[in-house]
Colleague: 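Pasting a structure below so you can have a look.
Everything numeric in this text was worked out from a predicted model, so none of it was measured. Scope of the values below: all heavy atoms of this structure, side chains included, with no hydrogens, waters or symmetry mates.
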2 protein chains.
Amino acid sequence: MDIRTVAERANVSVATVSRTINRVPTVNAKMAKRVWDAIRELNYFPNTQARALVSGRSGVFGLIVSEITNPFFPELIQGFEDVAVENGYEILVSSTNYDPKRWELCIRRMLERKVEGVAVMTFGIEEPLLEQLAERNVPLVFIDSGPDRSQVSLLKVDYHHGIRQGVQHLAALGHRNIGFISGPSRLRSAHARLEAFTQSLRECGIPPQPEWMIEGDHTLEGGIRATEQLLAGNRLPTAVMCSNDMTAIGVLHKAYRAGLRVPADLSVIGFDDVQMARVMIPPLTSIQMSRVDLAHAAVTALRSHVENTAPQREYSIDTRLVVRESTGYPPGAMQDLRPADGA
Amino acid sequence: MDIRTVAERANVSVATVSRTINRVPTVNAKMAKRVWDAIRELNYFPNTQARALVSGRSGVFGLIVSEITNPFFPELIQGFEDVAVENGYEILVSSTNYDPKRWELCIRRMLERKVEGVAVMTFGIEEPLLEQLAERNVPLVFIDSGPDRSQVSLLKVDYHHGIRQGVQHLAALGHRNIGFISGPSRLRSAHARLEAFTQSLRECGIPPQPEWMIEGDHTLEGGIRATEQLLAGNRLPTAVMCSNDMTAIGVLHKAYRAGLRVPADLSVIGFDDVQMARVMIPPLTSIQMSRVDLAHAAVTALRSHVENTAPQREYSIDTRLVVRESTGYPPGAMQDLRPADGA
DNA sequence: GATTTTCGAGAAAATGTTTACTCGAATCCT
DNA sequence: AGGATTCGAGTAAACATTTTCTCGAAAATC
């Protein structure tokens, strides 16, 4: 069944059917009704590929994420899907798993399916591979930083705000010895978070301690390893901030293994505020970065490029501290804030 | 740049280029080389929409999941993506969030993009909506149960094996009072799990206690609520099995809130064995159902339908117990298995 | 060596849309 | 009222492929 069938049934030309479907205003209301009736009766819907072929527009946005199994990303994907579909776009999700081979496949898939724009929501970026997209003038959106070029937008995350809130929170509780487990150092965003941390530390008059700045990799295992490293040192910080929640969960786990009580012996702050943070034991204090905002901004940016309505180059995403129970007074402060029961 | 450009460059006809790309065996090796060279030099790749349009094959498989934010699903999606892409298919993922409105949108998206098959990996199924897919002869795969029709395959999960292992494990530890938090009762799979549980219980000579069979909804909140219900009763079981890991994590959380130690006061077993189970506090004993197996079987089933190579109607997926530390002797057994330190 | 068969490459139709162009009718202006 | 203009619907070209058919040349048969 195709548009011709509908045309015959409605006694109009195929062009009229097409115009009706695409809501071209010149079509007579009476005919439009005939067409819509025919469409409903036949349960017809247009063939996307034919449409895409002739119009040169696939109606698909690509979304590249680091790894779909990190709970941060599903929440992002969900948001992206929702707002994309709402605006009539389909999405093509692909995860790189930090593997260059997969990166290549990813890009290739995007290219083959002729996506109209790609949101690169991974934190590590393989610049040379993205060239292929840029070459073909595919609009792109990045988090934090990307090539400065037309057709490219940036989602600037205000790491500083949330991280400063976190540091101040810890400082207010009396912590002076605060560690940080960063993401992979080659990642700009990981660097930015670390930078925000040390700067916030200085603002609070606390000198950063290099021995407590550990490089993680944004995974559970990375968090566990980093904690081991911390435990192996001669002095332990009383609090540790993490570059993401998975890392923080790894820390929680290793602390439990090592018999360290959180927050009595060690306060922990995560970053992202994934759903799971709420039910960790203890519930994880974390810095929230809204996946919905991120997704919304990404789709908006992409849309504004393809439908070129004054494309904005930068969107800003803010972060804020969510205090739960993985942070408390440092050991020796002679107090324990942990409530007996809560929500 | 299109196939014509390649044809000119290679000095052959477009038909030959097409045949070369599609590896039709009749094309002369020498010409094929010329074509491949041209393709490489031009960095050409075929237009998927045109291809799909004429061949009537989109090369896309749909994947419908319940909710992408339940960690079970991302792992499944990842597996599905991997094996689909490996076989030259693209995937279109959509999540229903248990919302009939979204179900409808889901199906519509699948239909519009002309998917060649759909894996319905959600546990609740909206039969009437799926009619639309069946009508158009789209091959389908379901978990557990679905309409008995040609073009439909089933992934039969052997719940019994894993659940029996779980019950036996608990019984061996000395538990006689075992609760179960099921999924929504209208879900066949939830029912199947509950069934497997009560049967296993009987096999161990333990009479099932209706007051300890609580209906959850496969979410964190459901697990929390179910535990509250359990706590409100006059007798507490010494162990509780859950229909999925999210529920179990909710139980862990609520137990922590209520000051119940796991496993000293209450043993907990999950189902699915999501990645996160390993790092729960304490690490969660769970019944594993391999996402990779599931994904693999789903794609295999779909492929065998579209490439109709003797489509198999049923695939069986097994489950097995993974013992961690959320299970131990029941209170009063005067022993504590919890190790001082571990991995 | 002539006729038939096989083989492989090219020409062209077909796929389901959109959209520029065409063209008749209706409206408008003088 | 008659010509110009506007309006809206239909015709057909275009999109990038695949695939059927065609057809010439080479191979095989007698």
Colleague: Output the rounded distance in Å from CG (Leu53(A)) to P (dA14(C)).
Modeller: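 Rounded to whole Å, this separation is 17 Å.
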Colleague: Once you round it to whole Å, what is the distance between C1' of dT17(D) and CZ of Phe45(B)?
Modeller: 15 Å
Colleague: Between Glu90(A) and Arg51(A) (salt bridge meaning N to carboxylate O under 4.0 Å), is one present in this structure?
Modeller: no
Colleague: Arg34(B) and Asn11(B): side-chain hydrogen bond (donor to acceptor under 3.5 Å, both in side chains), yes or no, with the steps?
Modeller: CA-CA 8 Å; Arg34(B) 283 222 306 277; Asn11(B) 252 316; over 6 Å; no
Colleague: Mind calculating the distance between CG (Leu111(A)) and C1' (dA16(D)) to the nearest angstrom?
Modeller: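 Whole-Å distance recorded here is 16 Å.
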Colleague: Going by an N to O cut-off under 4.0 Å, is there a salt bridge joining Asp2(A) and Arg4(A)?
Modeller: yes
Colleague: At a cut-off of 3.5 Å, list every protein nitrogen or oxygen paired with a nitrogen or oxygen from nucleotides 6-10 of chain D, distance to 0.1 Å.
Modeller:
unit_1, atom_1, unit_2, atom_2, d
dA9(D), OP1, Asn28(A), N, 3.3
dA9(D), OP2, Thr26(A), O, 3.4
dA9(D), OP2, Asn28(A), N, 3.3
dG10(D), OP2, Ser13(A), N, 2.9
dG10(D), OP2, Ser13(A), OG, 2.9
dG10(D), OP2, Thr16(A), OG1, 2.5
dG10(D), N7, Arg19(A), NH2, 2.7
dG10(D), O6, Arg19(A), NH1, 3.2

Colleague: dG16(C) C1' sits how many Å from Glu8(A) CD, rounded?
Modeller: 14 Å
Colleague: On DNA chain C, compare the nucleotides closest to Val54(B) and Ile21(A); which residue's is nearer the 5' end?
Modeller: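 Residue closer to the 5' terminus by nearest nucleotide: Val54(B).
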Colleague: Show me the donor-acceptor pairs, under 3.5 Å and distance only, between side chains in residues 133-142 of chain B and residues at least two apart or in other chains.
Modeller:
unit_1, atom_1, unit_2, atom_2, d
Arg136(B), NH2, Asn43(A), O, 3.0

Colleague: Just compare dT18(D), dA14(D), dA16(D) and give me whichever is closest to any side-chain atom of Arg51(B).
Modeller: dT18(D)
Colleague: Would you kindly give the CG-to-P distance between Asn22(B) and dA9(C), to the nearest whole Å?
Modeller: 15 Å
Colleague: Can you check whether Asn47(A) has a side-chain N or O nearer than 4.0 Å to OP1 or OP2 of dT15(C)?
Modeller: no
Colleague: May I ask you to decide whether Arg109(A) forms a salt bridge with Glu81(B), counting only side-chain N to carboxylate O separations under 4.0 Å?
Modeller: yes
Colleague: In whole angstrom, what separates Lys114(B)'s NZ from dG16(C)'s P?
Modeller: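 The answer, rounded to whole Å, is 9 Å.
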Colleague: Send over the distance from Gln49(A) CD to dT17(C) C1', rounded to a whole Å.
Modeller: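 Taking atom C1' of dT17(C) as the reference, CD of Gln49(A) is at 11 Å.
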Colleague: Would you say the side chains of Arg313(B) and Ser153(B) form a donor-acceptor pair under 3.5 Å?
Modeller: no
Colleague: Just how far, in rounded Å, is P of dT18(D) from CG of Asp2(B)?
Modeller: 12 Å
Colleague: With a 4.0 Å cutoff (strictly under), does any side-chain N or O of Tyr44(B) reach OP1 or OP2 of dT17(D)?
Modeller: yes
Colleague: Can you check whether Ser18(A) has a side-chain N or O nearer than 4.0 Å to OP1 or OP2 of dT17(C)?
Modeller: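 Ser18(A) to dT17(C) OP1/OP2: no side-chain N or O under 4.0 Å.
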Colleague: Between Phe73(A) and Met121(A), which heavy-atom pair has the shortest distance, and what is it?
Modeller: CE2-O, 3.1 Å
